[in-house]
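Throughout, protein chains are lettered first and strands after them, A, B, ... in sequence-line order, and every chain is numbered starting at 1.
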Amino acid sequence: MVRDEKSGASFMTPLVTIQNLDKAFPGVQALRKAHFELLPGEVHALMGENGAGKSTLMKILAGIYRKDSGGIRIRGVPVDVATPRAAQELGISIIHQELNLMNDLTAAQNIFIGREPKRALGLLLDEEALNRAAAEIFERMHLKIDPRVEVGKLTVAKQQMVEIAKALSFRSQVLIMDEPTAALNNAEIAELFAIIRKLRAKGVGIVYISHKMDELKEISDRITVMRDGETVGTVPTASTSVDAIISMMVGRSLTETKTEVPDLSSHDIVLEVRNLHRHNVIRDVSFKLRKGEILGFAGLMGAGRTEVARAIFGADPLDGGEIIVRGKHVTISSPQDAVRLGIGYLSEDRKRFGLATGMDVASNIVMPCLSRFLAIGIFLKGRAIRETARSYIKQLRIKTPSDTQEARLLSGGNQQKVVIAKWLARDCEILFFDEPTRGIDVGAKNEIYKLLNALAAQGRAIVMISSELPEILRMSHRIAVMCEGRLTGELPAEGATQEAIMRLATQRHSLTADTLTMATREPTT
Amino acid sequence: QDTYIPLISKGFQHQFWQAVKAGAEQAAKDYNVRITFEGPDSETMVDKQIDMLSAALAKNPKAIGFAALDSQAAIPLLRKAQAAKIPVVAFDSGVDSDIPVTTATTNNLAAAALAADKMAEMIGGEGDVALVVHDQTSRTGIDRRDGFVNRIKEKYPKINIVSVQYGSGDHLKSTEITKSILQANPRLKGIFGANEGSAIGVVNGAKEMNRKIVIIGYDSGKQQKQAIQEGIMAGAITQNPLGIGYKTVEAAVKALKGEKLEKVIDTGFFYYDKSNMSDPKITAVLYD
Amino acid sequence: MTTIAEQDARTTIKAVIFSQGAWQKVLAFASLIALMVVFSIASENFLQRDNLIGILQATAVNGVLAVAATFVIITGGIDLSVGTLMTFCAVIAGVVLTYWGLPMPVGIIAAIAAGAFCGSISGVLIAKMRIPPFIATLGMMMLLKGLALVISGTRPIYFNDTPGFPMISQESVIGAIFPFLPVPNGVLILFLVAIASSLVLTHTALGRYTFALGSNEEAVRLSGVNTDFWKIIVYSVSGGICGIAGLIIASRLNSAQPALGQGYELDAIAAVVIGGTSLSGGRGTILGTIIGALIISVLTNGLRILSVAQEWQTVVTGAIIILAVYADILRRKS
Amino acid sequence: MTTIAEQDARTTIKAVIFSQGAWQKVLAFASLIALMVVFSIASENFLQRDNLIGILQATAVNGVLAVAATFVIITGGIDLSVGTLMTFCAVIAGVVLTYWGLPMPVGIIAAIAAGAFCGSISGVLIAKMRIPPFIATLGMMMLLKGLALVISGTRPIYFNDTPGFPMISQESVIGAIFPFLPVPNGVLILFLVAIASSLVLTHTALGRYTFALGSNEEAVRLSGVNTDFWKIIVYSVSGGICGIAGLIIASRLNSAQPALGQGYELDAIAAVVIGGTSLSGGRGTILGTIIGALIISVLTNGLRILSVAQEWQTVVTGAIIILAVYADILRRKS
Ligand SMILES: Nc1ncnc2c1ncn2[C@@H]1O[C@H](COP(=O)(O)OP(=O)(O)OP(=O)(O)O)[C@@H](O)[C@H]1O
Ligand SMILES: Nc1ncnc2c1ncn2[C@@H]1O[C@H](COP(=O)(O)OP(=O)(O)OP(=O)(O)O)[C@@H](O)[C@H]1O
Ligand SMILES: [Mg+2]
Ligand SMILES: [Mg+2]
């Protein structure tokens, strides 16, 4: 640091220089002569379609994958980043796209794994110092997380914040963030950006991967675009436009249009829930859903939207409430019941709840509707399965070498598309999409929007849960807003604004017993 | 010159079978033949023994020694041996068939009955006794249990058998079993341990509980001999394992020479205690 | 000059030979073949017809048990009760045939049904009561071990009154047709069970769900599949196959030996894993399992044929099991 | 009227008593206490001091093995070799003390070192060669079983020349101080091992990594921790503890019995799981393991005291193992 301030020359030496990097996976050339450069004190966005090779490039830099060929230099010095530990020692830390946490350990233990403070001659762990240090980091991030809570018990959003806290705790010179905001709401994103700006001011170089265009405009200094494992080019953010970047990414330009809200008042009500209740997470939720409607569910992290969807879908038990499907009262005690009634649920955590990651793409796509592909109710119709799978691979442009590729080997966004294909194949009449575009590139996002519209036009009823307000505003016919397990309001799509939604999303009812303890639980005691 | 005779026994890790093996090896040396000695891990593994017999037959043996875990199960293979003109010598316990040219065996029933007599004598013909047996289903386990139990029932109406438990011949397990039996029966007068591991377990258990009871053991081994010396164990039945092994090989050699053999070679059993332990006739059949 | 069609054909053949898939399949046999080569060099007695048939016959029971275990292991579970369940089913057959004197088909059906029933109990314990498979089947192992003794009255039950019974595994239908190939029926049954199971795993809904359960059970449940039901079915099928193993062993010994069975589960699981099925679930093949079972049998037989001292046999077997799995891991990597 | 301070104190006490944590801890004992109540009603001989001490003594070997297994199971692995490793270590002690005639401390160190060494081999097989723990330790189980026989010459080794040896597990240091409490040293060792292990698991880096490995090994690796190294250490520690178990059993029997040991692993694992440690790793406690081991001992002892027929003992034990784990699952749910 001191040296950096003294000599302006060394200040301009790039922190990271990557040249001609190649990396092949079985069946995929993930990187071809990729190059990349990161300066101190810049936020460098890395963009590209799903499967472009962004994560792979960064994982090589972070010592997780070995490169096939090519060179990496840190401050001009050629290095070999063989292990994550080596990367840490070179001052590189990474926030992974997928959560990488030890669910049975506490938040503090996760953050400091491998770097635990010791006492008694280094023999025993100093748990107090550990919790204190974690609490400090959380405080800096304005986060209300108890350092002693088991990470597995946190919501995805909070887990993501723990990951960010962990990366920050290294105080690295190079910080890689692979889609850090995919699970975060606006307030948290703002918090994160404040932190990023502080780090930038201190001369830290930040690689920022995201599919959210508006974020990039706001936070990044330069943008590098990748396509099919190659670096297309690097441009300063200030002198470029979103459209220009998109055409660099996909090789063509895309147009966004606001969905026309059709008149649905004459349509049948296909789903109605009344007074849904589930201990502490869902409180008295009632809403109606019409044929052909897209109902947007907005809210802050932990508002209970996922819980509502899961409860209706039968994934979690309910404590009370009625569910009426197509005018009939029904009891849904398992996802099987729900699927039988024509209800589908696309989960927000594809790795844990969406995919059989060890199985091939085709098997995953036909999983909910396997009974359609059986001869005499027993034998699989292999060819029909593959044809169906291929048609969805084509329709959704899933990037995979074949339908027999294991799902875990696809890039994050393409995995998400497989999950969508699953529910399309099942042909459900009522669909819950929980964060359907999380981690998906703009091109694919547009396709999914088109798809949602097409599904609605076909007469399907859709609940779209999303934490991205522009998406909610753009797609919904009607907007429901949740806060603390309650439905705090419904807005018609016309005239709805981000401000109106946020007002409802923060309309806290009262400080009930459990929220009180949550809010006042001091991190350090 | 290479006369090969495989012996398939019921076990191999137990000291009793090791002694049988030693006897067989002695005979092999004396008669200049080659033997191998094999047995399954436990006396329940009937099919494993059959596989061993099958592999032994594949080695083109001149004769075979066989201690059947279940004689019926082995009959198809024994027929095969017969067809190939390979004489079979049964040892330890008989094979219910006329295929074996002879059987070198101990009468376990009679031996255990002798143990019962000794027990009755020492506890004064009345009171509670118990048995710690190694196995519930194997021939030796059943014979020793039944030999003892039946003799008590027939001859000593005032003796009450309060418990029969099985410890797989595992020293530790038998120790724990003995302790439970002693705990449950404060007036217990004696325990019969039906093989080496069981007998040692009974000795350990009684020692740990600090209880003076009459212990009758079976087979020998260093610890059992020592317990008898020290007076903790009253006495024990010993078979003649070295003799069984020796006679088996000897009979096989004789059969190969075409000599006529008796249908049964009784290798005998003995009761030994402090008084006759140093008798050369006894020391000859004991092993460490 | 060659025609294009010819060139095409050549490329295809080359592609087939050098394709990963084909090599993988050949290499899977590598450990087995290596073992056989070593033993045939070391002893002339090894490669004799009768001994090879003996090896096959020795594989029959463990092979069938291993097939049963394969189903469960692919779901990510484990079954420690296969050995004692086999015994239990053999005893059931004994009770039905010998004690009750019913005709043979009834005994066969009873044994298989008993197996499927006990399997379904394990399945319910695991799927409905959420008891970890290791514990549920450990408990079942002990329970069945005890029950086999109770039902049989701690005595072997002989099948002398059912003259056809030894036929199930001892006689040779194949040998009757091809006299030079007296492969006992037990081996035939093993192969039939293996083929049927392989078919079930690769070509039926049950098979698909078996793999899916092992891959990500929660995702499958959220796809609207009744995972509990399918899990119970998998354990039942596995139990039914154990019933078949019970019949083979009872027929081979012409008796139901009630104390036998414990310890057999380890051999079966070893065969499954040597065969490349992952204990964490989601992947596995029956062919692999059969190769695994053969490796164990060849090893046991070969060491016996070489008259290796018994304690060393144990040492070598332990080492080879580790090596075989390691070889498989290396093969997959490359 | 009460002061605010008094009210506060009351609330705190109430909070402590009714807090989940406290109840959970009491309820963990529920199965154990229920069993003990049943047996004391059924037999007056059960609840006597000597019998209770006997139960503790019977727990010593299995308890120590279960503690060893706990480490491995928390990492998400499994160790089938604990039983035969124990035997192997006992034989090593026998060789060092009786065959070589070295002084007792050398024998003790040799046994524990042998255990740690063999454990580290399992660790290398699993961590470096990526052999699944089930297979690596199954192989080691057989290997060690064979080696114990080879080294001892298939004969028990007696410790008659080392007069202090029986003291390790039989005599009672506590009894010498408190004559009414003649708890044998073996039990004392069990508790010392348990306390030390508990400390290691909760307060040292090794413990932290043990849990972390079982929770998400990949995440730990990506955090820059040398997961292979720590896994090897965990298996070594577990092996060393098996060495201690070897000393306890050898001292109790005053001999190293080379044929013993197989089957002990299942009891040990059962104790661990009954004690609430998850077989999928990441969670577990030594206290739970000790309770689990006690449940098994109480059950075995009680059934024997009641002279329940052996076959029924097995049935009941199997059923109770399942029930105990189920009770634990229900407790956690509520
Ligand atoms: N471990 C792996 N094995 C095989 N193929 C892989 C592996 N990891 C990535 N790939 C492939 O490499 C390519 C690049 O993937 P990468 O994860 O770097 O994409 P990405 O740009 O991060 O996409 P996304 O925006 O969807 O996260 C993809 O085709 C992917 O399927
Ligand atoms: N596994 C869990 N254990 C405890 N509480 C949980 C768990 N999962 C969710 N919750 C709680 O349930 C409530 C609702 O969470 P939910 O995930 O439904 O919110 P959401 O509106 O979907 O937000 P998100 O944007 O995070 O998906 C929150 O208070 C959260 O803390
Ligand atoms: Mg990525
Ligand atoms: Mg959510």
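C:S31 and C:I295 make their closest contact through CB-CD1, 3.8 Å (heavy atoms, listed as atom of the first residue, atom of the second, distance). For C:D267 against C:I296, the heavy-atom pair with the smallest separation is O-CD1, 3.6 Å. When all heavy atoms are compared, the tightest approach of C:T289 to C:A66 is CG2-CB, 3.4 Å. Between A:I312 and A:I323, the shortest heavy-atom distance links the atoms CA-CD1, 4.2 Å. A:I282 and A:A311 make their closest contact through CD1-CB, 3.8 Å (heavy atoms, listed as atom of the first residue, atom of the second, distance).
Only the backbone of A:L355 has a heavy atom closer than 4.5 Å to any heavy atom of chain C. Residue A:F353 touches chain C through both its backbone and its side chain, counting heavy-atom pairs closer than 4.5 Å. Proximity to chain A is absent for every atom of C:L213, based on heavy atoms less than 4.5 angstrom apart. Within the 4.5 angstrom heavy-atom criterion, only side-chain atoms of A:I385, from C-beta onward, approach chain C. Heavy-atom distances place both the backbone and the side chain of A:A315 under 4.5 Å from chain C.
The most heavy-atom pairs under 4.5 Å with chain C, out of A:L380, A:V419, A:V339, come from A:L380. In terms of non-hydrogen atom pairs under 4.5 Å with chain A, the most contact-rich of C:G214, C:G282, C:G207, C:A212 is C:A212.
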Can you pull out all donor-acceptor pairs below 3.5 Å that join chain C and chain A?
unit_1, atom_1, unit_2, atom_2, d
C:H203, O, A:L380, N, 2.7
C:A205, N, A:I378, O, 3.0
C:R208, NH1, A:S363, OG, 3.3
C:S215, OG, A:G358, N, 3.0
C:N216, ND2, A:K351, O, 3.2
C:N216, ND2, A:R352, O, 3.1
C:N216, ND2, A:L355, O, 2.7
C:R221, NH2, A:A315, O, 2.9
C:S223, OG, A:K422, NZ, 2.8
C:N226, ND2, A:Q336, OE1, 3.1
C:R283, NH2, A:E406, OE1, 3.3
C:R283, NH2, A:E406, OE2, 3.3

